[in-house]
> 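So that we are looking at the same thing, I have put the structure below in structure tokens.
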Amino acid sequence: MKVNGTHYRSLWWDDVKGALQIIDQRWLPHDFRVQSVETLEDYAAAIVEMRVRGAPLIGATAAYGMALAVADDPTDANMDRTWEYLHATRPTAINLRWALDRCRAALAPLAEADRAGAALRLAHEIADEDVEINRMIGVHGLSLIQEIAAKKPAGEPVRLLTHCNAGWIATVDWGTATSPMYQAHNKGIPLHVWVDETRPRNQGALTSWELGSHGIPHTYITDNAGGHLMQHGQVDLVITGTDRTTRRGDVCNKIGTYLKALAAQDNGVPFYVALPSPTIDWTVSDGVAEIPIEERDAQEVTHIQGRNDGEIGVVQVTPDGTPGGNPAFDVTPNHLVTGLITERGICDASEAGLAAMFPEMAQAAE
Ligand code: MRU
């Protein structure tokens, strides 16, 4: 997507530097900084510190990290060490494990001398595939927006609500939840997006930055406002992203997603989740019981980052000594999810729905 008129992906390979370039998201939306990732420690720090974030982007970054490690030492032992090291960076988004597994499985049968080149080609392939998957999620999700628009008086916007940032910077491009919005906007369908702030890290500000750069009307709201807006008929459709979706369609996403789904159900508002297939964890079924939830630093809750007089800084919001709790994700059970928007089409959030959409993956996991 475009930043000040220039098209960017959220990561890209620089042949001259021989290194991955990322947008350091810690400074957005206030400052656009590009960083070169040059050591394996840099890769791990980039994921842990959320310079790169969002399930698909974490996966693509890890694939480049594996490529760097293999270029340095192509042995099986080093691939295993790298798998463990990068896998330990963040526990919830399954794309991390998916990408590391895919790299190791593709490289292991090759001669050591061939691995470095193949690993970099595979990382590029994973990044390119992510772009296409997300574009197709937009193509399929567009139909939901078109249906709603068709029932409205001409010119009246379709009002969406989204949580966190499942936008282009959380993926390689397009985003997942935002992809249908871009597709609809590009087709001239009037939209208005309610953007949840998404405390504690306020990823909603990233979504606002993205939508604003693309000219999509939106309003940044507190996390607690969604239920009220739904009660008053101000939301036609909710679309969120996901960090891990189980084979029966339970959706793990940024903390607070579950409460939005409850409010949506109580108010008859359709609640859809944009789901790229690498985000399905076919090995788990009950999301609440089986998905590890990342507990992040309490300081993300007790303090907040923002811009003051042009300077980016952090302020404390709690009294000295108040303990903060910071579970970063929650699970929305499948019965609260109206449907899953995948790159192959829209399906029920159920074992049968996912298996019918991705039969070869469901079978491989048996
Ligand atoms: O902690 P984050 O910012 O990495 O969490 C991101 C989310 O929860 C997104 O909704 C999810 O990864 C989907 S991104 C397309």
Side-chain angles (χ1 to χ4, degrees), residues 1 9-11 22-26 28-29 46-62 89-99 127 130-131 133-138 141 161-182 195-207 209-210 223 238-245 251-261 271-281 287 291-297 300-301 305 326-332 337 340-343:
M1 293 285 137
R9 284 184 174 187
S10 59
L11 51 67
I22 59 167
I23 300 166
D24 186 344
Q25 299 190 23
R26 292 173 302 174
L28 290 175
I47 299 172
V48 169
E49 294 169 7
M50 294 173 66
R51 303 177 206 168
V52 291
R53 43 151 296 285
L57 184 60
I58 292 169
T61 304
T89 51
R90 290 193 78 187
T92 302
I94 196 63
N95 304 57
L96 178 60
R97 190 182 79 198
W98 170 86
D130 181 65
V131 176
I133 285 174
N134 300 328
R135 191 185 71 78
M136 286 309 297
I137 285 174
L161 183 142
T162 193
H163 191 72
C164 195
N165 170 260
W168 71 266
I169 57 170
T171 65
V172 179
D173 208 349
W174 285 102
T176 59
T178 53
S179 188
M181 301 175 196
Y182 290 126
V195 180
D196 288 350
E197 62 177 346
T198 319
R199 275 286 281 149
R201 290 185 67 104
N202 297 344
Q203 284 94 331
L206 306 178
T207 305
W209 175 74
E210 289 187 13
D223 287 322
V238 179
I239 309 180
T240 74
T242 169
D243 289 84
R244 189 186 301 215
T245 290
V251 170
C252 183
N253 191 48
K254 181 52 55 190
I255 193 79
T257 304
Y258 171 49
L259 292 178
K260 291 295 133 63
F271 182 94
Y272 281 86
V273 173
L275 169 66
S277 59
T279 308
I280 305 167
D281 184 348
I291 297 178
I293 300 296
E294 179 177 16
E295 187 75 33
R296 291 189 62 86
D297 195 327
E300 292 182 346
V301 178
Q305 176 174 301
N326 193 7
F329 298 92
D330 61 24
V331 172
T332 300
V337 179
L340 301 168
I341 312 169
T342 78
E343 68 268 29

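Starting from 1, each residue takes its place in the sequence as its number. In listed order, ligands and their atoms are each counted from 1.
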> Below 4.0 Å, non-hydrogen atoms only: which portion of Leu57 touches ligand 1? Side chain, backbone, both or neither.
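Neither; nothing of Leu57 gets under 4.0 Å from ligand 1.
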
> Could you check atom 15 (C) of ligand 1 against the protein and tell me its nearest heavy-atom contact, residue, atom and distance included?
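It is Thr176 OG1, 3.1 Å.
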
> If the test is salt bridge (charged side-chain N to carboxylate O under 4.0 Å, His left out), which one of Arg201, Arg296, Arg26 qualifies with Glu49?
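Considering Arg201, Arg296, Arg26, a salt bridge (charged side-chain N to carboxylate O under 4.0 Å, His left out) with Glu49 is found only for Arg26.
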
> One residue to check: Ala166. Relative to ligand 1, which of side chain, backbone, both or neither has a non-hydrogen atom less than 4.0 Å away?
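The answer is both, backbone and side chain.
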
> Can you tell me which residue and heavy atom of the protein come closest to atom 11 (C) of ligand 1, and the distance to 0.1 Å?
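In this structure, atom 11 (C) of ligand 1 has Asp243 OD1, 3.2 Å as its nearest protein heavy atom.
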
> When you compare ligand 1 with Phe329, is there at least one nitrogen or oxygen pair between them that comes in under 3.5 angstrom?
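No, there is no polar N/O contact under 3.5 Å.
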
> Please could you name the atoms of ligand 1 that Met50 approaches to less than 4.0 Å, counting only its heavy atoms?
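With Met50 as reference, the close atoms of ligand 1 come out as 1 (O), 2 (P), 3 (O).
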
> For ligand 1, which atoms sit closer than 4.0 Å to a heavy atom of Lys254?
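Once the distances to Lys254 are compared, the set is 1 (O), 2 (P), 5 (O), 8 (O).
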
> Please report the closest heavy-atom contact between Lys254 and Asp330, naming both atoms and the distance.
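It is O-OD1, 3.7 Å.
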
> What residue and heavy atom of the protein are closest to atom 3 (O) of ligand 1, and at what distance?
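Scanning the protein heavy atoms, the shortest distance from atom 3 (O) of ligand 1 goes to Arg53 NE, 2.5 Å.
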
> Which heavy atom in Ile293 sits nearest to a heavy atom in Phe329, and how many Å separate them?
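Answer, listing the atom of Ile293 first, then Phe329: CG2-O, 3.3 Å.
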
> Please could you name the atoms of ligand 1 that Gln203 approaches to less than 4.0 Å, counting only its heavy atoms?
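Under 4.0 Å from Gln203, ligand 1 has these atoms: 1 (O), 2 (P), 3 (O).
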
> Indicate, as side chain, backbone, both or neither, the part of Pro56 found under 4.0 angstrom from ligand 1 when only non-hydrogen atoms are considered.
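It is the side chain that touches ligand 1; the backbone stays farther off.
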
> Quick one: nearest non-hydrogen protein atom to atom 13 (C) of ligand 1, plus distance?
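Checked against all protein heavy atoms, atom 13 (C) of ligand 1 sits closest to Thr242 O, 3.4 Å.
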
> Can you report which non-hydrogen protein atom sits closest to atom 9 (C) of ligand 1, along with the distance?
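Protein heavy atom at minimum distance: Asn253 OD1, 3.5 Å.
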
> Go through ligand 1 atom by atom and flag the ones less than 4.0 Å from a non-hydrogen atom of Arg90.
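So the answer, numbered in order with elements, is 1 (O), 2 (P), 4 (O).
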
> Under 4.0 Å, counting heavy atoms only: does Cys164 come that close to any atom of ligand 1?
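The answer is yes, since Cys164 has a heavy atom less than 4.0 Å from ligand 1.
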
> Closer than 4.0 Å to some heavy atom of Thr171 - which atoms of ligand 1 meet that?
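The atoms of ligand 1 under 4.0 Å from a heavy atom of Thr171 are 15 (C).
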
> Students should be able to answer this: which protein heavy-atom is nearest to atom 14 (S) of ligand 1, and at what distance?
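Here the closest protein heavy atom is Ala170 CB, 3.6 Å.
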
